[in-house]
Structures are given as C-alpha cells and as structure tokens.
Q: 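Sending over a structure as structure tokens; questions will come in a sec.
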Amino acid sequence: MIQLSGITKIFSGSSGNFTALDNITLQFDKGSFVAVVGKSGSGKSTLLNMLTGIDRPDKGTVVINGIQVHKLGESRLATWRGANIGIVFQFFQLIPTLTIRENLLLAMDFVAAISKQERLNRANALLELVGIAMHADKFPSALSGGEQQRAAIARALANDPPILVADEPTGNLDSRNASAIHALFRQLVEAGKTVIVVTHEEVSSAGYDRVVTLRDGRLAGDERKAA
Amino acid sequence: MSPAFKKALNDLRVNPGRTLLAVCALTIGLWGVGAILVSYFILKNDLNENYLRTTPHHVALTSGDFARLDLAAFRQRPEIESAEFRDFSFLRIEVSPDQWLPLWLFGVSDFGKFDLARIYHEEGPATPPRGAVLLERNGQLVSSLRTGSLARVRAGGKLLQVPVAGIVFDPAQAPSTQDAFLYAYTDKATYSAISGEPVDRRLILRLKHAANKQEIEAATNAIVADLRNQGIVVGSINIPKPNQHPHQFQLNTLLAFQGSIGLLAFLMGAVLVSQLIGAILAQQVRQIGVLKAIGATRGKVLGIYLLMVLMLGAMASVIAIPLAVVSGYGFAGFVAKILNFDILTRTLPLSLYAGLIGCGLLLPVLFALPALLRGSRIPVRQALSDYGLGADPVHSLSIAGNMLSFSIRLALRNVLRRRNRLAATVATIALGVAIFNAGFNVRQSLLDFLEESKRAMRYDVQLVLKNSIPHEQALAPFSGIDNVQHIETWNGGRGRLQSSVVSTGNGIGIVALPRDTALVRMDVVQGRWLRDSGELEIVMNQMAADDFGEPVELGKQYRIDLNGRPAQVRLVGIVKEFDAAKIYIDKAQYDEYANPERRINSLMFVANDRSYERVVKLKRDIERRVAETDLDVFYVMSQAERAKIIYDHLDIILTLFMLLSSLVLMIGALGMAVATSTNILERTREIGVMRAIGATPKIVYRLFEAEGAMVSMTGISLGLLLSLPLSFYAAKFFGTLILGHNVSLNFAFSHAGFAATLAITLVFGWLASRIPARKAVSISNREALSYE
C-alpha cells in the first residue's frame with residue numbers, strides 16, 4: 001500500500017518559487033497497474049521522485065507499506081529503495097561499463113537482499129523473463145533501445161521489489177517495443193507487483209488499472225478501470 | 001570479481017585517455033616526491049656514514065716534543081679511544097704543465113692497520129713502496145696524475161719527482177674538485193724525505209664518550225695540561241667539527257632545498273589529484289544518481305570511487321616507484337661524485353618502500369577524499385538531472401564582456417564557471433611558475449655573490465708563502481716580471497680569538513693587510529671596515545663569527561693571539577665572504593705590535609692587462625720564477641681559480657635548484673592540462689550542442705585554446721609576481737645555510753630567468769590547452785550529443 005497525503009513540493013529558482021506539487025493526496029493499492037499522466041511541467045516526475053524517495057516533500061507524508069519514507073535518512077533510504085522499489089528510467093541509465101548481467105548483479109550487491117549464491121541464477125532468470133538472456137554478457141551500448149529498456153526493467157526487479165516505478169519507460173521506443181514493454185509490466189502486475197508508470201502520452205485507461213492525471217501540480221483526474 | 005570492483009576497473013578501461021592522464025599525473029607527482037624521498041634518505045645517511053666509517057680523529061695536536069711521548073702508555077689513558085702520529089705537510093704538486101695546486105702530504109704509521117682516520121685502498125699496492133705516494137682518488141679529476149705517474153712536487157724550495165704508486169679513497173677530506181687541494185699518503189720515511197720535515201710531530205686522537213665539541217675541548221685541555229707536565233709543549237690544537245664531514249653544509253643546503261621542494265611538489269600533487277578525481281566524478285554524476293536509485297548507499301558509492309582511485313594509485317605506483325628509486329639513487333650518485341663519497345646504501349629499508357607504496361596508494365585517496373565525499377553526497381534527484389553543463393554563467397561580466405569578441409566573452413565566461421577549480425588551477429600554475437622563476441633568481445643571487453667575491457679581492461694573482469720572510473727577500477724573485485702593475489704585500493698567520501669564556505678552537509686565519517688597500521672591497525654586513533684609530537681593530541668574516549661559538553658583539557674588546565703575542569682588539573665589523581674563518585687587521589698595527597721585522601707571507605699581484613689570458617700567463621711566469629728560487633710557497637692562485645673554487649662549491653646547489661624547480665613547473669603544467677581536460681570532459685555534451693548549431697571544429701578548438709590561454713596567463717602572471725617575495729626569502733634562507741651567521745644572499749632578479757620562465761611556461765600553457773582542445777575537436781557530434 002502506497003499512501004501519499006497532502007504532498008506539496010515547491011522549487012525555488014532565480015525566477016521565483018515554482019509549486020511542482022500542490023497538496024496531492026493519493027493511495028495506490030498493492031498489485032495495481034497505475035499510469036500517472038500529464039503534460040511537461042505537470043508535476044508527474046516530481047510525484048515519482050516522492051514515491052521513490054529520490055526527493056522529499058516540503059509538506060505532507062509518504063508512507064509505503066507502513067514505512068514513512070520521507071523521514072528516512074539518506075543511507076537507509078538508499079537501501080530501502082533498492083529493496084522495495086525498482087526504478088526504470090526513460091534513458092535506461094544502465095551502467096555503461098558493466099555488462100547487462102553485471103548491471104543486475106551490481107543492484108543485488110548493493111542491497112544484499114538476495115543471497116550471494118542465488119544472485120547469478122536470479123540475474124539469468126530475470127534476463128530470461130524480459131527476453132534478453134542472449135545479451136547477458138554484452139555491454140549496454142551493444143543493445144537496441146528496446147533491449148536496453150528490458151535490461152533496465154530486469155535490473156529494477158533484481159532485488160524483487162514489490163513496487164516498480166517507471167519514468168517514461170517507452171518514451172524512447174518505437175510502438176512495437178513500447179507494446180512489448182507494456183505487456184511485460186502487465187505480466188509483472190499479474191505476478192503481484194505494483195507498477196506505476198509516469199508518462200506524458202495520452203493513455204487509454206484500458207491498458208491500466210488506474211490513470212491519475214496531473215495538471216499544474218494538482219490532481220486533475222483519477223480514472224479507475226471498472227472491475 | 002564483485003560488480004562494484006568490475007565497474008571501477010571498467011570505468012578506467014573504457015576511458016583510456018582519461019586514465020592515462022590520471023596515471024601520468026599521479027606518476028609524475030609520485031616519481032618526484034619518491035625520488036626526493038629516496039635521495040634524501042640516501043644522502044642524509046651516506047656522506048656522514050662515509051666520514052664516520054673512517055673513524056675520524058677528534059683532535060690533532062702538534063708539538064716538537066712528541067719524541068718524549070710514550071705513545072703506548074698514552075693510548076692507555078681512559079679517555080683515549082685511539083691515537084697515532086699522522087704527520088702532514090703543505091706542499092705543492094704540478095697537476096698539468098706549469099699548473100700547481102697545494103698538496104697535503106700525510107705520513108702514515110701503518111698502511112696495514114688503521115684504527116683512526118682510515119683511508120681505503122683502491123688501486124695499486126695497499127702500501128706504497130719506499131719513495132712513492134698513494135694519491136687520493138678525487139685528485140685525478142683535477143690533475144693528469146694517475147697510478148704510475150711521476151708527480152713533480154715542490155717542497156721547501158726543492159723540486160722532487162715522486163712516483164704515484166696507487167690510488168686511495170679518503171672520505172674525510174674535502175673533495176679536490178671543490179677545494180683545489182690534492183691529498184697524498186706515504187710512509188713516514190718517505191714523508192720525511194719528501195717534505196723535509198721531521199716525523200711524529202702531529203698526533204691525532206679519538207676520544208671515548210665525547211659527544212660534542214665542548215666535551216672534546218674539555219678533554220683536550222686536560223690532555224694538553226698533562227702533556228705539558230710531561231715536558232711536551234703542544235704547539236697547536238685542531239678540533240674539527242665533531243662527526244661532521246667538511247662539506248656537510250652543502251649537503252644540508254641540498255637536503256633543506258629538497259625537503260622544501262618535495263613538500264611543495266607534494267602539495268601541488270594533492271591539488272592535481274583532487275582536481276582529477278573531481279573531474280572523473282563530474283563525468284559520473286548521473287551514474288552516481290542511478291547507483292543511488294538502485295540501492296547504493298553513500299558509503300557504497302564512495303567505495304566504488306575509492307577503489308577506482310586506489311587502482312589509479314596502484315598503476316602509478318607500479319611505474320613511479322621503480323623510477324623514483326632509480327632516479328633517487330641517480331641523484332644521490334651525482335651528489336656523491338661531486339662530494340667524493342661512496343653510496344653505501346645498497347638496499348633501501350622496507351619501511352621506505354612501504355612509505356612509497358603508502359604514498360602511491362593512500363595519498364591519492366587522501367587528496368581525492370574531499371572530491372569523493374562531495375561527489376557521493378550529491379542528492380539523487382540532482383544527480384539524475386545532471387547534464388554536465390557546469391555551473392551558472394557569470395552575468396557580472398556582461399558589461400565589460402560586451403566590449404570583447406563573442407568567442408573571447410564565451411571563453412571568459414566558461415573559465416569563470418568553476419571558480420574553485422579555476423582558483424586551484426591558477427594556484428598550481430602560479431606556484432610552479434613562482435618556484436621555477438625563484439630558482440633562477442636565487443641562482444642569480446648566488447652568481448651575484450660570486451661576482452661580488454671576485455670584485456671584493458681586486459688582485460689578480462696571490463702568492464702565499466708557508467712562512468713569513470723579509471719583504472725584500474719575498475719580492476726579489478719577481479722584479480721585472482712582465483705585466484705586473486704593482487705587488488702589495490700582506491702578512492698573517494693563525495691566531496685564536498678569545499672572550500672571557502670561549503675561544504675559537506682551531507686557529508683562525510689572521511690576515512694583516514693595509515687598511516686602505518685598494519685590493520679589498522668586501523661586503524661589510526655589520527659595522528665598518530678597518531680605519532685609522534688609536535687602538536687595535538679587527539674585522540672578521542661571518543665564518544669566524546660562527547666559529548667563535550657565542551654571539552660576537554661589535555665594539556667589544558676581545559683577546560687575540562697575534563704571532564704568539566696576546567693582544568686586546570676591538571671588533572668593528574663583519575664582512576661577508578665565502579671562505580674559511582678569517583680575521584682582518586691593519587698591517588701597520590700588526591707589524592707594530594707583533595711583526596717588528598716587517599716580514600710578509602703573501603704577495604698580491606695586480607696585472608697591467610687583466611684579461612684572463614694575460615693573467616694566466618702572469619701566473620705561469622710567477623710559477624717559473626718560484627721554480628728558480630728556494631721560496632717555500634704554500635700556493636699561487638689566480639682570481640679566476642679562486643672564483644672557480646667558489647663556483648664549484650655552489651654549482652651543485654645551483655644545479656639542484658634548477659632540476660627541482662623544473663619538476664615543480666612540470667607539475668604545474670600538468671595541473672593546467674588536467675584542468676583543461678576536465679573542462680572538456682565535463683562539457684562534451686555542450687560541445688555537441690555547439691557543433692550541432694553550427695560551431696566548426698576550428699571555433700571549438702579556438703574556444704578551448706582561448707580558455708587555456710586565459711587560465712595560464714593568469715597563473716603565469718601571478719606566479720611571476722609571487723616569485724619576487726619567494727626569491728627574496730629563498731635567497732635569505734639559502735644564504736644563511738651556505739654562508740652562516742645570518743648572512744643572507746642579496747635578492748637578485750634574473751632577466752634571463754624571467755625570459756626563460758615566461759617562454760617555457762607559455763609553451764607549457766599552450767601545450768596544456770592545445771592537446772586537450774584537439775581532443776575536444778576530435779569528438780564526433782553523435783558521441784558528444786549522446787554523452788552521459
């Protein structure tokens with residue numbers, strides 16, 4: 001269960017203050033597939049940062065599975081995040097100097113939630129799951145965009161986190177690859193994961209369990225798929 | 001291999017240029033510091049160890065009464081460790097046709113057994129055959145004499161042919177190359193035959209448990225008193241500086257200089273490493289964000305980059321440590337050759353290697369730590385949104401900037417984007433330039449001092465007799481000699497200066513000269529020169545003031561021994577002179593008080609034609625006249641030779657100045673290259689954007705070149721300014737080290753040095769920005785725009 005209550009985030013800059021999120025309250029259930037949509041500057045990436053603990057709110061609370069995320073210190077937050085939230089970035093952000101398999105192993109190494117003996121098998125299994133096992137020993141630069149995004153998803157799943165957060169995961173992919181990634185997320189939701197996808201694209205509520213729309217830092221819509 | 005280790009390793013592998021730059025920077029820094037450490041370790045130990053292994057004597061006593069001494073019984077005295085007769089005479093030896101140098105001839109009791117003042121056999125027989133001598137090895141460098149040569153020796157007016165049977169090494173003597181003396185060793189009978197002197201007149205001894213000069217003096221006084229009770233009157237007492245090689249001062253200067261440059265190189269290396277690691281981290285900011293996003297704590301991020309720095313340090317150590325050891329030994333060997341001693345340190349202690357490895361591995365980590373801590377502290381959000389574009393541009397330049405061309409304005413703004421780095425880079429360059437230029441200036445101070453020394457003594461050739469003789473007798477052989485304007489005659493000898501509590505130990509040289517002589521214009525650093533007054537006045541050089549053992553006071557009366565007569569004298573001045581301890585006194589007063597027969601022992605020749613060739617010819621003519629007489633000459637020396645002796649003493653220091661200053665400059669240039677490379681690495685994407693909107697490679701190249709020029713010009717200008725106070729204090733510091741008694745070298749500005757510094761640093765600065773700028777141009781648009 002993810003509970004965001006009264007989240008406000010204000011950025012200060014040379015041109016004055018900018019309210020990125022204004023008193024947002026949201027709750028995401030376990031095992032749901034959620035899309036957070038909005039135009040550029042709507043606050044969706046800031047919301048993602050709140051969810052993942054990458055940034056802290058100026059006001060409000062972030063509670064995930066009973067943990068008050070906004071109160072965790074830097075080091076605890078990093079370990080907690082590694083174990084509980086898998087992040088998928090728009091530009092994949094794989095470590096270019098490690099092979100695909102090593103990218104997964106590095107994530108497991110950081111969190112140490114998976115025993116050392118299991119790590120290699122788990123990495124191979126995850127790569128199998130996302131369909132790029134044959135590229136395990138290649139460096140990211142040798143893979144196509146779609147393959148790199150699959151690798152990034154596999155890395156996000158490395159420590160078996162219950163929540164997966166993806167920032168514009170298909171923004172850099174062609175439609176065929178985008179569909180494949182979407183299907184992969186759905187597969188993960190069916191396996192019990194909570195998947196939250198942030199996107200600026202128009203999405204059909206049919207593809208998600210819930211579509212949350214942000215506009216100018218405020219909640220502009222919250223559409224749930226009929227059961 | 002853990003993924004974290006692999007990441008650190010691969011990060012180095014995929015950026016070979018950057019890794020090479022980092023390894024080069026670390027290698028040069030470590031090499032420099034390491035070589036200084038290694039040579040410091042060797043030199044600090046070996047010169048004195050060479051000296052101490054000879055078991056040097058503490059005291060030398062001379063007496064004509066030693067025939068009464070029971071040497072075996074004397075050796076049994078509780079305070080005596082060892083004692084033996086080691087006579088020596090000042091003779092002259094021909095080192096090349098018509099070139100004569102002083103020769104110290106030693107009469108050795110037993111070549112097979114040295115308990116004291118040991119010499120080492122090197123070539124030929126260990127014991128010279130009757131009638132032959134063994135030559136000290138350093139003499140070969142200032143003469144054509146070798147084993148088997150027949151040396152021409154002048155002794156008391158006699159000219160002898162003496163075979164050189166072999167070569168020995170005597171580490172206890174000042175090097176022939178520096179002091180222009182030769183040393184020869186022979187048995188007692190041959191000594192007597194060559195020198196014409198009786199044997200067993202000079203007793204050298206080493207005391208047990210004598211730790212310092214005071215203890216040696218106290219024990220010596222007791223021994224001399226006991227000998228007097230036995231009817232043995234000691235004529236002279238000589239106590240060399242205990243356990244210290246005669247040229248230790250040179251080494252002390254070198255070591256002090258090495259130490260200070262080593263420290264500076266170390267600090268500059270620190271700046272360099274810190275910048276470099278900062279640059280690597282700047283490139284990896286987004287990756288740090290990703291690492292944190294997938295669960296890496298700050299400690300883990302820090303660990304990865306520490307590992308990377310350790311790897312860089314390890315690579316640099318593998319290259320730099322062997323280089324440091326080889327060049328450290330090489331430099332120590334160079335100094336050893338000049339100062340005539342052997343390198344005894346064959347293996348360096350493990351602790352030194354451990355120190356070097358520690359320096360190689362840990363110092364980069366230590367220096368990089370602030371950058372690493374800063375880098376690992378970047379919040380995830382900030383790290384993930386990093387585009388490598390650097391800091392805010394500088395708005396304040398807009399007004400002044402409008403008057404400049406667009407590229408210059410852009411370059412200026414770029415330079416000011418990373419102000420901390422700019423400050424560190426400029427400081428590194430400035431320090432390098434300042435030290436390099438100060439090296440030239442201090443060198444100029446030393447050369448000026450050399451020139452001053454030449455100007456101070458305005459005679460052309462000096463002839464010093466072993467004994468004082470009547471004025472007419474001394475001058476007679478030189479009447480009508482070609483190219484002589486006039487000859488001035490001086491006198492002197494050895495004396496002791498005494499206050500109520502202390503006295504100079506070894507007999508200070510007394511020089512009695514006309515107070516208004518035109519031949520001496522020394523730099524009076526305190527008080528005044530001699531003048532007509534109703535009382536006995538003296539002026540001493542700074543070495544005499546040092547030798548005294550307690551602070552001397554101008555205007556104070558001291559007791560002095562003049563030609564065997566005690567006298568009360570007033571100290572009126574201290575002069576700066578690169579020479580042994582000397583006291584100057586007015587010859588008229590001296591003659592009146594202690595030399596009624598007006599004898600003289602020095603002839604100062606002033607030439608009509610003072611060109612080098614004519615003075616050399618004059619010296620030869622003087623030597624020829626000497627050869628026709630029975631004058632017992634101590635030495636004949638031209639001013640040029642005297643200047644060369646002083647120069648040779650300073651040359652090693654000057655050479656080191658330049659070597660080490662160059663090292664510092666190199667580190668400065670490297671700092672500049674690192675800073676420019678860092679700028680380029682950080683702005684790779686920006687380069688891509690610029691090129692995408694129409695900047696040609698030439699424009700990009702010029703931009704970086706202009707930035708480099710701005711930084712290096714600022715550093716060079718500051719460095720040149722900084723070099724002025726630095727030169728002033730360095731001249732003061734090294735002057736005191738070389739000359740003693742708080743006598744500093746005068747500040748000098750080397751125009752040639754300034755031009756050389758400017759030229760070299762401009763070329764270095766240009767290269768340091770040109771090479772990375774070319775790299776910037778070589779990056780393709782695609783690479784630049786996709787750069788993470």
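Proteins get letters first, then strands, A, B, ... in listed order; numbering begins at 1 in each.
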Q: Within a radius of less than 6.0 Å around CZ of R56(A), do more than 12 heavy atoms belonging to other residues, nucleotides or ligands occur?
A: yes
Q: Please look at L291(B) and chain A and tell me whether the side chain, the backbone, both or neither of the residue comes under 4.5 angstrom of a heavy atom of that chain.
A: both
Q: Measure the CD1-CG distance between I294(B) and N103(A) for me, rounded to the nearest 0.5 Å.
A: 7.0 Å
Q: Could you tell me whether the side chain of F110(A) reaches within less than 4.5 Å of the side chain of V301(B), counting heavy atoms only?
A: no
Q: With a 4.5 angstrom heavy-atom cut-off, which part of N49(A) approaches chain B: side chain, backbone, both or neither?
A: side chain
Q: Heavy atoms only: give me the nearest A78(A)-A296(B) pair and the separation to one decimal.
A: CB-O, 3.2 Å
Q: Could you tell me which of T99(A), N84(A), I95(A) has the largest number of non-hydrogen atom pairs under 4.5 Å with chain B?
A: I95(A)
Q: Got P96(A) and Q287(B) here, is their nearest side-chain heavy-atom distance under 4.5 Å?
A: yes
Q: Determine whether more than 12 heavy atoms belonging to other residues, nucleotides or ligands lie under 6.0 Å from atom CZ of R298(B).
A: yes
Q: With heavy-atom distances below 4.5 Å as the criterion, would you say the side chains of R81(A) and K292(B) are in contact?
A: yes
Q: Given the options L105(A), D55(A), T79(A), I87(A), which has more heavy-atom pairs under 4.5 Å with chain B than any of the others?
A: D55(A)
Q: Measure distances from L106(A) to the heavy atoms of chain B and classify the residue's part below 4.5 Å as side chain, backbone, both or neither.
A: both
Q: If you count every heavy atom of other residues, nucleotides or ligands that lies below 6.0 Å from D58(A) atom CG, does the total exceed 12?
A: yes
Q: Pair R155(A), V290(B) - check side-chain contact (heavy atoms from CB on, under 4.5 Å), show working.
A: CA-CA 11 Å; R155(A) 183 181 65 182; V290(B) 174; 3.6 Å; yes
Q: Given side chains that start at C-beta, do those of L98(A) and N10(B) come closer than 4.5 Å, heavy atoms only?
A: yes
Q: Quick check: are there more than 12 heavy atoms from other residues, nucleotides or ligands sitting under 6.0 Å from CZ of R377(B)?
A: yes
Q: Between V111(A), T52(A), L77(A), I54(A), which residue shows the highest count of heavy-atom pairs closer than 4.5 Å to chain B?
A: I54(A)
